[in-house]
Amino acid sequence: MLFMRWASTEKRLAVYDPFDSLPKKTKKSYLEAIKIFEGQDTRRRGHVEFIYAALAKMQEFGVQKDLEVYKALVDVLPKGKFIPQNIFQAEFMHYPKQQQCAVDLLEQMEDNKVMPDSEMEQMLLNVFGKRGIPLRKFWRIMYWMPKFKNLSPWFLPDSLPADTLELATLAIQRITSVDPDTKISIWQTEEIEACLDKTWVVSAQSEAQHVLLSEQPDEEPLVVKGPFDVYLRDQVVSYFMLIGKTRPEFKDNTDDDDVSNIEKPPGIPGVIGTPKLPAVRHTTVHEQDNGTIVAICATGTSSRDSLLSWIRLLEKYDNPVLRNIPVIFTLTSPSNDIAVQETQPATEGNKTEKKNTSL
Amino acid sequence: MNVVRKFCTVPHSYVSRNLYRKFRFSAVNYDSTAASQPQVQEEKYDFEDLNVIERTERRKAKIEPFMKNIFVSVFDRELLAYPEIINKEENENLEQRLTAIDSVFSDSKKTADDKRNILKSTKMYAAPVSWTRNGLSANNTESLMYLDAIAQDFQLAQELSDHWVGLQALQNGLTHDQYSMIIDDLISGDNTIALAIKERVAERITQSDFRTEAEMDGQGIWHISGEKICNHNDGYILVLCAIEASRLMAFLVHPRAQGVTTKGPFVNFMKTPATPLDQIPESALAQILGVSRLHAATLCRSRLKAAVHAVVEYTRPRVFVGKPLAELSTIRSTIGEALLDIYASESAEFFTAGLLDGYVEPDAELEMAMCRNFMANHGLRSMMKLLAIPELDKEEECKKLLNDMRHLALRGESLDSVNMFISLNGIHHAGKMMSQEVKQMRNPLMNPTFIIKKVIANRHQEKDNPKLTLYLAEHLHPSLKPPSEQLEYCVLRMRFACETLMARHGVKVNTAYTELNRLAEAATEILAMTSVLARASRSYCIGLRNAEMEMKLAACFVEKTRDHVKKLIREIDDGEYLNLDHFTVQFGRKVLDTNTLLVEKPIARTFW
């Protein structure tokens, strides 16, 4: 009975979303929608709801990384009204809903790694005054975000390239930065006649890897392993490794503590080093527990065929030893179906070589 | 009975000895000053050729290597008597030749041909060749004197230095017949010997550092192929090659041999036939070729001398604020510092030459390398300061002087590689003597009593205040006591530095390059200090002209250098984190990896 009292009350509400009706979802139309809202009503009724709705739609319009948009949203809040006038107001959270809304807005900015600027601080000051919670949130953000911004040793441009080839090059540069000597080559699989997948290959091999590959025993097969993922911000690039056998560990039986016969140079003026051929005895960074990484690549399709082409291309470009050594493909899943099919030519002809300049 | 003797007398004599020392009853040690007494000289004749008597060799008995022993803080005090190699008769001949050379070389009007002619007439091209072969049989001291005079012509002096070293190598390396066949051509002065030792740095990791190779063909003729860096002028070339993939051997390439092409400073050999110097082992070759380092020091010094003269000539007639420019104390002190460097280097060079000439089987390769490094290091710095005085007025002359100096300082090898040679040899020597101790220090838990003893024994060293137990002042003029104590301090710190390094790195000490560099520099300075003190003391005692000036120079130099050595050794003791090596090495690595300057511009921002 008690509930019947409300039974007839219809609570259905027709929600009007100003963003839904827009024909084009771009930054321009998004800003226009905000302008329209600001113009509708001098008192700006429902601005909190509007801001929440606008925050939720950001992804859709692709503006979640844009500081200007966030500023436009803060601008929706009326100036002066929310500034506490006495200590009680200041202490007991003046206009809590509005303050919470502004904090959520800042939080979304933070999640999207958008760095606010000092103009934003000024706007928030104008809206909430210097004792507002959003201001405190802002100051905390500005303490931490600049510190984290450039903490990664692998530099990336502010906006990642849209081109997958460039993205793959960046990813391979990042992985191979362990050996600054690495050469990155961009090849086209078309160069190999038998190939089915016409795509690009970003391949990286350093001088040390080249030597390690040439020293691989003929009878032991090499293994192509992958795909492994490397993340560039929110983008994923799959890469593959060509893995060979690790050399037997060099056993150094000399006693570290015995200094009775320390090696000394020959002493002929002008002679440095030795006339002997250098024996690469100490392990390089490429020699890991599970094998020696002799080359690394990312291809346009990540398909088995493109990897086969990669091996043939490696062989063609200065690794003749691959002609004799069998290669086993142990791909965890044939990623042919998942990967985006893309066949675009490399920008600079058939073969471009780039020196690794990451870091 | 014997036991009693041992217990009673030995400590007693030890105590009394030290007691006397403390109270300066220095007559007790009269026996140790024998070094400065005249020596009974033995005359040796070459009986193979009785018609012409070969030059007499007056060498003292073999001594322990001097600078190598410094690495373990053992100081041969006999050597504080500055070596006197040349006797009266030899000196007269030497002076005669020097006057002849100097009269031509100091005259700016004489042409290059005049200079060559005077060199030929004074038998300079045959200086190290024995009397029986129509040479001068000049020893190292004399060679340095000649080179000093000739060094006024930079090119000629360099050529001659290579020639002398080459002759020395041929004399030891060729068979008697081979040597006889070419010696007349060699000493005529028309074809000099150039040294071709250095190569380009390898460009691939599979390339060896030394790539010029020699192979013997079916008829027993050696052919060499490869590329060398060499100042070549159509004469003979002494080429160092690798044979059998691991050994080094020198080869003589005759003038106009086939397959030799010159391109700038590089000389290419394509299957060039050559005569092997197979009579000489690698180590002996290193000794002989090492003399070129000593010559490099002399040449460097002569360049600095030339710069001083140029600056004086510039300064004397000029005026600044109504006063002579020469009254400016900054200019005076710059020139004074240059003089200190010249004085120290000169002392070290002749000291080393004395070691080489005065003893049987001398082991002075380290000293020679040190002379070179001392002068190259200080000379470049002094030169930069000196040449700042004439500023832009004499730009061309300054450029030439500076370029010559740079060329000499890097003559065939860099400062660092020579430093490595010095310190690795030193530490090799120290390692042999201290291996047992280092082993114990590296395994402290196995040797607790030793460690406690070591801590107690090293307590003065840790405080950077070692007990002075070498009593060097006893062998010098009494007024040099304070400087000699400073030298003593430096010497005593060396063993501690070596000990620290070896205890820290063990056998891998040969890769601690930055610290070894410091060690080498410290040792180099010690050689300079020793020789300066010995020279000043000698000059003052025998009453040379301006000897009191020398005493001041010596005291100043030692005082200044002591601080430098103190700093170097303290940095070794501090280790890579306190002396900041760890960080500078890392910065360098990053710059090398990225070839950028790493840091953002000072006005860059992360937000606005």
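Just so it is clear, the values below take in all heavy atoms, side chains as well, and ignore hydrogens, waters and symmetry mates. Chain identifiers are assigned alphabetically (A, B, ...) following the order of the sequence lines, protein sequences preceding nucleic acid strands; residue numbering begins at 1 within each chain.
- Applying the 6.0 Å contact sphere to NZ of A/Lys245 captures no more than 12 heavy atoms from other residues, nucleotides or ligands.
- Within 6.0 Å of CG on A/Asn324 lie more than 12 heavy atoms contributed by other residues, nucleotides or ligands.
- Atom OG1 of residue B/Thr606 and atom CG of residue A/Asp117 lie 11.5 Å apart, to the nearest 0.5 angstrom.
- Here the shortest heavy-atom pairing between A/Pro116 and B/Phe607 reads O-CB, 4.0 Å.
- Side-chain contact check for B/Val509 versus A/Ile262: some heavy-atom pair is nearer than 4.5 Å.
- In this structure, the side chain of A/Ser118 engages the main chain of B/Trp608 through a donor-acceptor pair within 3.5 Å.
- Between B/Ser292 and A/Pro269, the shortest heavy-atom distance links the atoms OG-CG, 3.8 Å.
- By the 6.0 Å contact criterion, CG on B/Leu598 is enclosed, its count of non-hydrogen atoms from other residues, nucleotides or ligands being greater than 12.
- At most 12 heavy atoms of other shown residues, nucleotides or ligands fall within 6.0 angstrom of atom NZ in A/Lys130.
- Of all non-hydrogen atoms in B/Asn510 and A/Glu263, the two that sit nearest each other are ND2-CB, 3.7 Å.
- Once rounded to the nearest 0.5 Å, the distance linking CG of A/Asp258 with NZ of B/Lys439 reads 4.5 Å.
- Annotation for A/Asp257 and B/Val438: closest pair O-CG1, 4.4 Å, computed over non-hydrogen atoms.
- For the pair A/Asp256 and B/Arg442, the minimum side-chain heavy-atom distance is below 4.5 Å.
- For the set B/Leu195, B/Asn443, B/Val418, the entry with the most heavy-atom pairs within less than 4.5 Å of chain A is B/Asn443.
- Within the 4.5 Å cutoff, side-chain heavy atoms of B/His428 are placed close to those of A/Asn261.
- In this structure, B/Tyr513 places its OH atom where only 12 or fewer heavy-atom neighbours from other residues, nucleotides or ligands lie under 6.0 Å away.
- When all heavy atoms of A/Lys264 and B/Leu424 are compared, the closest pair comes out as CB-O, 4.2 Å.
- Residue A/Lys65 places its NZ atom among more than 12 non-hydrogen atoms of other residues, nucleotides or ligands, all under 6.0 Å distant.
- A distance of 5.0 Å separates CD1 in A/Ile268 from CG in B/Leu240, rounded to the nearest 0.5 Å.
- Comparing A/Met120, A/Met142, A/His210, A/Glu119 by heavy-atom pairs within less than 4.5 Å of chain B, the highest count is held by A/Met142.
- Remark: B/Glu215 CD is loosely packed, at most 12 non-hydrogen atoms of other residues, nucleotides or ligands lying under 6.0 Å away.
- Within 6.0 Å of atom CZ in A/Arg323, 12 or fewer heavy atoms from other residues, nucleotides or ligands are found, so the atom counts as exposed in its surroundings.
- When each of B/Arg372, B/Met502, B/Arg293, B/Gln436 is scored by its heavy-atom pairs under 4.5 Å with chain A, the top score falls to B/Arg293.
- For A/Asp255, the parts lying under 4.5 angstrom from a heavy atom of chain B are both the backbone and the side chain.
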